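Side chains are part of it too, since the values below use all heavy atoms of this structure and drop only hydrogens, waters and symmetry mates. Here the structure is a predicted model, which is why all the values come from computation and not from measurement.
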Amino acid sequence: MIKKKRRLAVSPVNSDIVCTFVPDMNTHPRDLFNIASKLSLKKAANAAKVLGSFYYSRMTGSPKQKGLPVSIAIEPTTSCNLRCPECPSGLRSFSRPTGMLQRNFFEKTIDELSDHLLYLIFYFQGEPYLNPDFLDMVKYASGKKIYTATSTNAHYLNDENARRTVESGLDRLIISIDGTTQDVYEQYRIGGSLEKVLEGTRNILKWKKELKSKTPHTIFQYLVVRPNEHQIDDLKKIAKEMGVDEVAFKTAQVYDFENGNDLIPTIDKYARYKKKPDGKWNIKNNLLNHCWKMWHSCVLTWDGTVVPCCFDKDASHSLGSLKQKTFKEIWFGEAYQEFRKNLLTSRSKIDICTNCTEGTKVWA
């Protein structure tokens, strides 16, 4: 069991994947083509505005925003079936309201955003499949030609849900699998069953074949920490035998890292932190006064609160509520501009930025 003093920022998907998506050379060609197929002239023009605004703001130190977000994350629920010891959902430790995203509210929000939105992540905190309307919402967004992705602990991918997942049009399915034996897996995924993860994966792959579907692009995500780093090659073998589309090895965000932490891997390329000559540790990140996330993406909680990024798990930096204002009013509003300004001048003073991965290698 992981002791309480070891604070590891992990949930069914490690936080930073929620914040951003930028295709790179490591993106699977078929998946990259699928993303590109969602583009339109309007979306491309908007992305150009966002990119131009970001570089203008970075060069001048003055926040400017002409475009709307290219990517957003939306939270289906704060509930989770597992009890991961450092996850707010697992600990049931939120100070913010908890609940389920309502379908009518979701559809209204997507109607407002769909013209410019390329990428939609159905995840922030909690297990998405616990929301009974989750797959209907995926289908609605897919029908708007938005690339859809989610992350799951895979405990609810029974045969029926697996078929509905494939039929929903979900483009990317990230399955958290942080060990290849039950004793290693359950060290963090408390209450979880590795066999359920494997069974759920088999169900997805079966229905993709049955329905002759290329989606969802199925990924085994492995968060590398010291207790499981010895099973990396085993996971590659399992994924190949099963026919999973991709395996992603992810570095872990660790709190209280300054004096070292037993969770930091011994394999350097899987660690976000490095040891200094004085024996202290620091993040492989210079914490520069800019952040791409603040220009191209944001996070919406289940109840419509807009927060700057996925590191704000408890929504302590609320920038507005969609139940009171339109998204455009919030996105271009005074609170958002003030947050961007503070980031451009003194990012190190913003609490959620101090252990951020912007500028740090996350995937290894």
Side-chain angles (χ1 to χ4, degrees), residues 10-14 17 26-31 34 76-77 79-84 90 121-123 126-132 134-139 142 147-224 228 230-250 363:
V10 186
S11 38
V13 59
N14 200 37
I17 190 62
N26 295 320
T27 304
H28 192 283
R30 186 170 62 232
D31 194 34
N34 186 25
T77 181
S79 300
C80 189
N81 53 306
L82 302 186
R83 300 294 300 229
C84 303
I121 302 165
F122 279 95
Y123 181 75
E127 168 52 47
Y129 280 85
L130 285 172
N131 187 318
F134 168 58
L135 292 174
D136 290 324
M137 290 188 282
V138 171
K139 190 171 185 177
S142 296
Y147 184 96
T148 54
T150 196
S151 177
T152 178
N153 60 45
H155 282 61
Y156 295 95
L157 290 177
N158 56 35
D159 195 63
E160 179 185 357
N161 279 343
R163 177 169 185 157
R164 291 186 61 215
T165 297
V166 176
E167 291 175 334
S168 73
L170 181 72
D171 293 293
R172 173 177 288 214
L173 179 65
I174 299 171
I175 295 173
S176 294
I177 179 169
D178 301 326
T180 61
T181 57
Q182 179 64 25
D183 62 319
V184 172
Y185 172 80
E186 68 184 1
Q187 285 189 55
Y188 191 80
R189 304 290 171 184
I190 295 174
S193 164
L194 177 61
E195 181 50 42
K196 275 191 172 291
V197 177
L198 297 175
E199 179 186 0
T201 303
R202 285 190 287 266
N203 287 337
I204 288 289
L205 298 176
K206 181 191 81 171
W207 280 111
K208 281 180 66 176
K209 185 176 181 179
E210 289 279 337
L211 298 172
K212 297 180 173 57
S213 176
K214 294 180 180 179
T215 57
H217 183 74
T218 306
I219 301 172
F220 268 164
Q221 179 180 275
Y222 195 86
L223 193 72
V224 181
N228 70 13
H230 65 289
Q231 294 185 336
I232 287 174
D233 288 338
D234 294 336
L235 183 69
K236 292 177 182 177
K237 182 179 178 181
I238 290 171
K240 185 176 181 180
E241 290 174 349
M242 293 182 71
V244 172
D245 294 314
E246 187 179 338
V247 179
F249 294 99
K250 197 171 191 339
W363 302 98

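Residues Ile177 and Leu194 are in side-chain contact: their nearest non-hydrogen atoms beyond the backbone lie under 4.5 Å apart. A 4.5 Å side-chain heavy-atom check between Ile219 and His28 finds every atom pair outside the cut-off. With a 4.5 Å cut-off on side-chain heavy atoms, Val197 and Arg189 do not count as touching. In this structure, Leu157 and Leu173 have side chains that are in contact, with non-hydrogen atoms separated by less than 4.5 Å. A 4.5 Å side-chain heavy-atom check between Tyr222 and Asn228 finds at least one atom pair inside the cut-off. In this structure, Thr77 and Pro128 have side chains that are not in contact, with every pair of non-hydrogen atoms separated by 4.5 Å or more. Side-chain contact between Arg163 and Leu211 is present, with heavy atoms from C-beta onward closer than 4.5 Å.
Phe134 pairs by the ring-ring contact (aromatic ring centres under 6.0 Å, His included) definition with Phe122, Tyr129, not counting sequence neighbours. Residues passing the side-chain hydrogen bond (donor to acceptor under 3.5 Å, both in side chains) test with Asp245 are Arg30, Lys208, sequence neighbours excluded. Under the rule for a salt bridge (charged side-chain N to carboxylate O under 4.0 Å, His left out), Glu241 has no partner lying at least two apart in sequence or in another chain. Under the side-chain hydrogen bond (donor to acceptor under 3.5 Å, both in side chains) criterion, Glu160 pairs with no residue, sequence neighbours left out. In this structure Lys236 satisfies the side-chain contact (heavy atoms from CB on, under 4.5 Å) test together with Ile232, Asp233, Phe249, sequence neighbours excluded. With sequence neighbours excluded, the residues satisfying side-chain contact (heavy atoms from CB on, under 4.5 Å) with Lys206 are Asp159, Glu210. For Ser142, the side-chain contact (heavy atoms from CB on, under 4.5 Å) criterion is met by Val138, Thr148, not counting sequence neighbours. Taking Asp136 as the reference, Arg103, Arg164 meet the salt bridge (charged side-chain N to carboxylate O under 4.0 Å, His left out) condition, with sequence neighbours excluded. Lys196 is linked by a side-chain contact (heavy atoms from CB on, under 4.5 Å) to His155, Ser193, counting only residues two or more places apart in sequence or in another chain. For Thr180, the side-chain hydrogen bond (donor to acceptor under 3.5 Å, both in side chains) partners at least two apart in sequence or on another chain are Gln231.
Closest of all the heavy-atom pairs between Thr218 and Ile204 is OG1-CG2, 3.8 Å. Residues Ala154 and Ile175 share a closest heavy-atom pair of CB-CG2, 3.8 Å. In this structure, Pro76 and Asn131 approach most closely via the heavy-atom pair O-ND2, 2.8 Å. The two residues Val166 and Trp207 make their nearest non-hydrogen contact at CG2-CB, 4.0 Å. Considering every non-hydrogen atom in both Ala162 and Asn203, the closest pair reads CB-CB, 3.5 Å. Here the closest heavy-atom approach between residue Ala239 and residue Phe220 is recorded as CB-CD1, 3.8 Å.
For the atom pair Ile121 CD1 and Thr150 OG1, the distance stands at 9.5 Å (nearest 0.5 Å). The line from OG1 of Thr201 to CD1 of Ile238 is 10.5 Å long, rounded to the nearest 0.5 Å. Summarising the geometry, atom CD belonging to Glu195 is positioned 9.5 Å from atom CD belonging to Gln182; distances are rounded to the nearest 0.5 Å. Atom CG in Asp171 sits 5.5 Å away from atom OH in Tyr147 (nearest 0.5 Å). A distance of 11.0 Å separates OG1 in Thr215 from NE2 in His217, rounded to the nearest 0.5 Å. To the nearest 0.5 Å, atoms CG (Asn161) and CG (Asn158) are separated by 4.5 Å.
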From CA spacing to verdict: side-chain hydrogen bond (donor to acceptor under 3.5 Å, both in side chains), Asn153, Glu127
CA-CA 7 Å; Asn153 60 45; Glu127 168 52 47; 3.2 Å; yes
